[in-house]
Amino acid sequence: MDYEYIKQMNEGLDRNALLDELMMTYGKDVWNYAFFLTRRRELAEDIAQETFIKAYHAIYSFRSGTTMKAWLLAIARNTARDYFKSAWFRRVQLVWEEYETNTFQPSAEKQWFVSLEQREVWNAVLSLPRKLRETLLLYAHHHLTLKEIAEMLQLSEGTVKSRIFRARAVISRKLGKPAAFEGGKRP
């Protein structure tokens, strides 16, 4: 989905169809990114929902110099930042609840596929400082380019590369593994 697609939608199709398409295509990415920023399911849901509302109202201001995914993630990031700055958030102590809303238990096969190594890696990623975690997540999980990340975070590409390098080094140390990029090559 890109600028040309939005132009086609503007020429005759319903904006609601565009919103549905955006949510189906990028909903999981936006929610995951919001979760990594907030580390709370409820906040991630609120931020993802608000992100799509903001995108709906500003869809025709989307510019063709970036990808739709990068644009939506930037909206999600700014929404999360606004949320953390709000007076309500600073006054209210939110309780982190570690439970699933579903009442069913995952199958044995599903439990088997969720390996200890994957949990260790994600725990290491989640324990990174926010700046390193966010940069690594955008690069490795959401597959944004260095340029897109730099524009989104308002940093230089060199700073983005440095943060990715440092994040990988910290994770490698935490997991007790040699860094895959040793030998002179950086991301």
Count I, L, V, M, F, W, Y as connected when their side-chain heavy atoms are under 4.5 Å apart, and connections chain through other members. Are [X] and [Y] then in the same cluster?
{"X": "V170", "Y": "W122", "value": "yes"}
{"X": "Y33", "Y": "L126", "value": "yes"}
{"X": "L128", "Y": "L175", "value": "yes"}

As an exercise, state the distance from [atom1] of [X] to [atom2] of [Y], rounded to the nearest 0.5 Å.
{"X": "L37", "Y": "R81", "atom1": "CG", "atom2": "CZ", "value": "10.5 Å"}
{"X": "N78", "Y": "E50", "atom1": "CG", "atom2": "CD", "value": "11.0 Å"}
{"X": "K69", "Y": "L138", "atom1": "NZ", "atom2": "CG", "value": "9.5 Å"}
{"X": "I75", "Y": "I47", "atom1": "CD1", "atom2": "CD1", "value": "13.5 Å"}
{"X": "D20", "Y": "Y56", "atom1": "CG", "atom2": "OH", "value": "10.0 Å"}
{"X": "T135", "Y": "M152", "atom1": "OG1", "atom2": "CE", "value": "9.5 Å"}

Could you check if a side-chain atom of [X] sits within less than 4.5 angstrom of a side-chain atom of [Y], using non-hydrogen atoms only?
{"X": "D46", "Y": "T38", "result": "no"}
{"X": "K174", "Y": "I171", "result": "no"}
{"X": "Y139", "Y": "R168", "result": "yes"}
{"X": "V125", "Y": "L137", "result": "no"}

- Query: Going through the checks in order, is the side-chain contact (heavy atoms from CB on, under 4.5 Å) test met by W31 and R41?
  - Reply: CA-CA 9 Å; W31 186 91; R41 290 181 189 276; 4.0 Å; yes
- Item | With sequence neighbours excluded, residues passing side chain to side chain donor-acceptor pair (under 3.5 Å) with K28 |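 Side chain to side chain donor-acceptor pair (under 3.5 Å) check on K28 returns nothing, list empty.
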- Does E148 have any salt bridge (Lys or Arg N to Asp or Glu O under 4.0 Å) partners at least two apart in sequence or in another chain, and if so, which?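 Partners of E148 by the salt bridge (Lys or Arg N to Asp or Glu O under 4.0 Å) criterion come out as none, since no residue qualifies.
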- Identify, with sequence neighbours excluded, every residue that meets ring pair (Phe, Tyr, Trp, His ring centres under 6.0 Å) alongside F52. none
- Sort out for me which residue in V30, L73, I149 forms a side chain to side chain contact (heavy atoms under 4.5 Å, CB included) with H142. L73
Mind checking side-chain contact (heavy atoms from CB on, under 4.5 Å) for [X] and listing every partner two or more places apart, or none if nothing turns up?
{"X": "A150", "value": "E157, V160"}
{"X": "E151", "value": "R63, K147"}
{"X": "H143", "value": "none"}
{"X": "T159", "value": "L155, S156, R163"}

- Query: What residue pairs, at least two apart or across chains, pass salt bridge (Lys or Arg N to Asp or Glu O under 4.0 Å) with a residue in residues 122-135?
  - Reply: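 Those involving residues 122-135 are R77-E134.
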- If a pair satisfies salt bridge (Lys or Arg N to Asp or Glu O under 4.0 Å) and one of its residues is in residues 135-144, list it, with sequence neighbours excluded.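 Output for this query is empty, none listed.
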